[in-house]
Each structure stands twice: as structure tokens, then as C-alpha cells.
2 protein chains.
Amino acid sequence: MADKDPGWELYRSFLAVMREGSLSGAARSLGMTQPSLGRHIRELEETLGVSLFARSPQGLSPTELAQALLPHAQAMASASAALRRAAAIREDTMSGVVRIAASEVIGVEVLPPMLAAFRQRHPGVVLELSLSSRMENLLRRDADIAIRTGRPTQDALVARRMGEITLGMYAHKRYLKSHGLPKTLADLATHALIGFDHETPYVRAMRPAGLPYTRENFALRTDNDLAALASLRAGYGIGFCQCGIAQRDPALVRLLADSIELSMDTWLVMHEDLRRNALMRELYDHLAIALVDYAETASPSEAPRGRTRMLRGSTKR
Amino acid sequence: MADKDPGWELYRSFLAVMREGSLSGAARSLGMTQPSLGRHIRELEETLGVSLFARSPQGLSPTELAQALLPHAQAMASASAALRRAAAIREDTMSGVVRIAASEVIGVEVLPPMLAAFRQRHPGVVLELSLSSRMENLLRRDADIAIRTGRPTQDALVARRMGEITLGMYAHKRYLKSHGLPKTLADLATHALIGFDHETPYVRAMRPAGLPYTRENFALRTDNDLAALASLRAGYGIGFCQCGIAQRDPALVRLLADSIELSMDTWLVMHEDLRRNALMRELYDHLAIALVDYAETASPSEAPRGRTRMLRGSTKR
DNA sequence: TGTCAGCCATGCATATTTGTATAGCAGATC
DNA sequence: GATCTGCTATACAAATATGCATGGCTGACA
């Protein structure tokens, strides 16, 4: 019933306990001791007037309410981390830490050379890569700069369009040699397709209609895009791949280019209040140039004319 | 250079000093003492390795960097407040605190009866109204439920469309009696127009083109929508008003209804993770019903047919 | 110019928080 | 079933942060 603001430290302790699952673990993680953490949690429960954990000799198990409070505590942690990054940036020497969010494929296959070039120019900079299949929460400040697919509509964001990154169906020469070349869409059903495991909203938006490209037809199911790409390269079967990536490997063959093509509307995004920051701006511009270039490489300019596009993936909704 | 995480309490102290402008003021505001605050700030500066304030006998004046860090600290505060609200909600007794963000006009003219009805049904609930002309930051959790204009495109939000709230030009009978009735668009230029002071992006998007409705023509300039509305009611001159509000006052006369009409695409929004919350859901549904009803009232159904719409205000960009 | 009201900085006694050490409890292992 | 390992809870001493009192500074005002 006490209406006082709980010390913000308590939130950090709460977060650690949620993460580690026990007071002892949280204490280790924070460099504190278990009794301190225990007192923190108890104090937090008392000031909020709620029960957050069920104590047991196996650790603390969070209540339903604690689960509901978790995202808020995480938001605080994100903001705290963002503040520290912002404080660490030295514009005069162009050094500091910048956190970039992108998809795993982009982060692994596309970004590294761009980042290397930037780092070459600015040796004082430290980059953090936050790769995840689902969109990173730029609004929550989990990252400073993000590569998103789909036009961002949030205010307070500065966004620039990188162009359309196109996806096509590919297979390794080796696979095609032993399994033959699919000539029609219907042929695909008899091939070893590589595809998703769970049908996320993202997949649903991107998936071309009218194709035999459904979960039941897959010969390899995974939600890990990198594993899918690696399997494609290993000759496991047929799957989607960003054209810009596939083109770098002469052993990968584009299939049914006339009838199958997806494209992702790709944007580079950062917070408006980072715009005045010289280091940020430089990195932003650098990435913008490089990514636009990449998107153009991956565009269907070199492909045969008159192709029908099956679906323009616009990510969401 | 110390790479340790500053205690989160320090951020709170930082925020208070930024807000109050002095250690002493911050100490008063937090119920602490000035030396403590002083130590906090010093420790924060040391762990971050930066200078945040210039000390002076008149108080502390923030450095440029401190200004840059401010939004992050505010984000932490917002998240902290949201966490406390979430913790305060008791679903069994349907009590708790819910924070609603809306425009000033909606908050003053439209919401109160809706909120009163809800409160009647759930006496345990406490509502917070956060009214501002610019959009409240729902993403930063400054509010739990928001009424926004323009389709929200952020993921992790549950949004429902309330319809189009239409705006028309109105004047008080008294004004028209002494100044006459404008019959054409051009007539407006000779009248006492009530309009904005600064041309914000919002205004820019909403402003009908081809009208003599520009800053130079205004006889009363204000960015305060409520003051504009009050002046309209007081018979100062001609201005825009939500039709749903104007209709309640028989002394307000719609002008040039055939040729002037704006509409705001209005949405009710809340966070996805509040969806499971019974109290939240109930309030959300209650507001949805009431607002849809209001938007319909304010819609041009009762107006003459064949009117041309000048602009469909879509808020941003 | 003297006085007052605001502010920050510092020294010191006190309160609070932390860590250490220990006890107790549940489950896995031999 | 004895033992070992993980966990939490409690008592007490050490470390730390806090408040109080004070001094020094600047600007406003009579």
C-alpha cells in the first residue's frame, strides 16, 4: 500500500532474477550476493504490494504478474543500455559503441564487409550486432540503427529507403544434376523444398500464393534462415535466397525466374535524436550507400524481361 | 573509463536534476538531500566518464551531452511508471490505474462522459489523462491506451479503427449576425479567421489546400486547440471544429459545408501485452464503442449530399 | 554597501545497505 | 540411506550511502 516509488535498482535486480531464475544466479550475474538480491525482491514485492515469485529450493518461479511486468523492466534496461552507448560516443575522435539491428541473413551475409570497411575508416568505433529473425525493437532502443523490411511509420524515426531486395528460388548445381531441373511451378511439388517450420506472420505475408510451397511439401523445415541457406548451398534442395547473395556463388542456379520472385521493401532506420551525432550519421550514411548498392545488385535488372511478379512482400499487415 | 553499469538510481537522480535545474531542487523533488544528489551526479559522471553539468551558484546547467542522454532517462522513467501501473491493477476487483493519451480537444470535449460512465461501472479504477497536442509516445509507454489519428503501423500494438472524425468550419450565430454569412470560399478572406500559430507537420497535413486559410489571414492565432474552440464559441470568428462537438451547441453554425471538410482517421490503440488484462480490455472495449459512436455522430451522414471533400487528413508524412 | 536568498561543496555522525557465515531444505547420485 | 549440490532464509559485522551542519559563492534588492 506504500505509494512510494521503488528504487530503480530493484527493477534491475528483478530483471536479473527473471533472467537467471534464482537469487543466487542473479547475484552471480550482477556481482552481488544472494542475500542482497533476496532483500531487493522482498522490498520490491512489498512496495508494489504484490507477489512476484514463488520461493522454492530450486529457485524462484515468477508469478503471472511478474511475467506481465517483465517487458517494462526490459524496456528500462534497453533505455539504460542506450544511454550508456550514447554517453560512450566521442564525436571528436569518432569513437564509441553503436548497436545495429538486422535480420540474421543480412547480418551474416551482407553486413560484415560493410562494417569492416567502416571500421577501417574509424578504428575507434565498436559495433554491436543484434540479429534476430523478428524485428528488433528500435522503439525500445534495443538498437541505434536498424535495417527493417517494410516502411517504418513511427514518428521520431529517420528512415531511408534502400530499395527492394529480391528473393528468388535457387538450388545448387549438384542437386540439380541428380534431381533434374524443375520446369514448371507444378514440378516443384516433387522436389526437395527447403522452407519454414512455423508459419509466422512474416512468412505469411511473404509467401507466394498459388505455389506448392507449403509446410507439407517441405523436405527440410527450419525457421533458421541461416540453416536454410546453408542447406541450400550444401545441395539439400530448393529454397528461397536473396538474389544478391545467391549471385555471388556460381554454383547456385536460379529456378523459374520468370514466375517466382519475392521482394522486400528495405529501409534503414534510426532515431531522430541520433541524427545530430556525427558518428551515427556517418555510419548511417555509409550503410545507406552500401545497402542501396546491394539492393540494386540483388534487383532483377539482369534477369529476363517480361517476368511476372508473384507477390510484392510488404512484410506486415 | 570504468566499464561498470551505473546504478539505476543515478539515472533517476540525473532526470530530477535535469527537470529541476539544480541539486537542491532535485533533492526536494525526490525527498532526498542536496549532498546526496551531488554525489549521485558526480558518480554518474565518473562512471560514464563524461561531464554532464556545469556547476554554478545558480544551479547546474546541463551540457550538450546531458541533453542527448535525457530522452533515454525519460524512457526509463516512463517504463518504470508503466510497470507500477501494471502492478497496481487488480483484476479480481477490477481496480487499478490506467493512463490514457489523447488530444486536448478529445480529452476535454469528448472523453469525460465516457470515462465517467466507465468509472460508474468500476469504482475501483483510477484514470490518468495525458493530453497533449503532439502524439503521446505510446511506444515509450507514456500511456496504456491512446487515441491516435492515423493508422498506427507499429507492431506489438493492438489497434482498432474508430472511423473518421470530421471537421468543419463553424462560427457562432452572434458573430454571423454582425459580420454576415460567408457564401464562397473567397469570402473567408474578409472574415475573422481563427487558426494556428505555428505550422506544425500535423497542421501542414491537415490544412486544406486552395483555401484562404493561412497564417497571414488569421484574426486569432493560437496553437492551443481549446483556446481556439473557446474563441469560436465566444463569437470571435470562424474556425475549424469537430462536427461532433459543434453539433451539441445549437448556436454554432456550419459554414460552406459543401466545400470544406476535413477528416481525421481515428484509432484506438494499446499495447499487445495489455490485451490479456481484464480491466484494460474492458476499458478498451468501452472506449471503442463510445468513440465509434462519436465518430459516427460527427460523420457527414446528416449533411447535404454531393459535397466534395477537400482533403483527407492522414496526419503524417 | 549591506543583507538576504538561492545555490554548491565538504566534514562528520548516523542509518542503511551490503557481504560473510551459517543453517535448513529439496532433489540427484552412488 | 548417506552424500553432494543446488537453492533460500537469517544473524551479525563491515562497508557504504545518507542526512545534518556548516562555509563559501553569486546575484537581487533596499
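Chain letters run A, B, ... following the sequence lines, proteins first and then strands; every chain starts at 1. A quick note: this is a predicted structure, and the numbers were derived from the prediction, not measured.
Atom pair Arg39(A):CZ and dT16(D):P shows a separation of 15 Å (rounding to whole Å applied). Ile41(B) places its CD1 atom 12 Å from the P atom of dT18(D), with the value rounded to the nearest Å. Here the C1' atom of nucleotide dA14(D) and the CE atom of Met32(A) are 17 Å apart, to the nearest Å. In this entry the distance linking CG of Leu37(B) with C1' of dC8(C) reads 12 Å, nearest Å. Put simply, CZ on Phe53(B) is 15 Å from P on dC7(C), counting in whole angstrom units. dA17(D) atom C1' lies 12 Å from atom CD of Glu9(A), rounded to whole Å. Counting to the nearest Å, the C1' atom of dG6(C) and the CD atom of Glu20(B) are 15 Å from each other.
The residue from Leu283(B), Leu111(B), Asp144(B) that alone fulfils the side-chain contact (heavy atoms from CB on, under 4.5 Å) condition with Leu127(B) is Leu283(B). If you run side-chain contact (heavy atoms from CB on, under 4.5 Å) between Leu65(B) and each of Val50(B), Leu70(B), Leu48(B), only Val50(B) comes through.
For the pair His40(A) and dT17(C), the criterion of a side-chain N or O lying under 4.0 Å from OP1 or OP2 is not met. Phosphate contact (OP1/OP2 of dG19(D), side-chain N/O of Ser36(B), threshold under 4.0 Å): present.
For Arg221(A), the CZ atom counts as densely surrounded, since its 6.0 Å shell holds more than 12 non-hydrogen atoms of other residues, nucleotides or ligands. Within a 6.0 Å radius of CZ in Arg276(B), other residues, nucleotides and ligands contribute 12 heavy atoms or fewer.
No side-chain heavy atom of Met18(B) sits under 4.5 Å from any side-chain heavy atom of Leu52(B).
The pair Glu45(A)-Arg39(A) does not meet the salt-bridge criterion, since no charged nitrogen lies less than 4.0 angstrom from a carboxylate oxygen. Ion pair Asp142(B)/Arg99(B) not flagged as a salt bridge, since none of the NZ, NE, NH1 or NH2 atoms sits closer than 4.0 Å to an Asp/Glu carboxylate oxygen. With salt bridges taken as basic N to acidic carboxylate O contacts below 4.0 Å, one links Asp273(B) and Arg141(B).
The aromatic rings of Phe53(A) and Phe14(A) sit tilted, their planes meeting at an angle between 30° and 60°.
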Identify all pairs in which a protein N or O lies below 3.5 Å from an N or O of nucleotides 1-8 of chain D, and state each distance.
residue	atom	partner	partner atom	Å
dC7(D)	OP1	Arg28(A)	NH2	3.3
dC7(D)	O4'	Pro57(A)	O	3.1
dT8(D)	OP1	Leu23(A)	N	2.6
dT8(D)	OP2	Ser24(A)	N	3.0
dT8(D)	OP2	Ser24(A)	OG	2.6

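Secondary structure note: stems in DNA chain C built from 3 or more consecutive Watson-Crick or G-U wobble pairs under 3.5 Å occupy C:1-30 with D:1-30.
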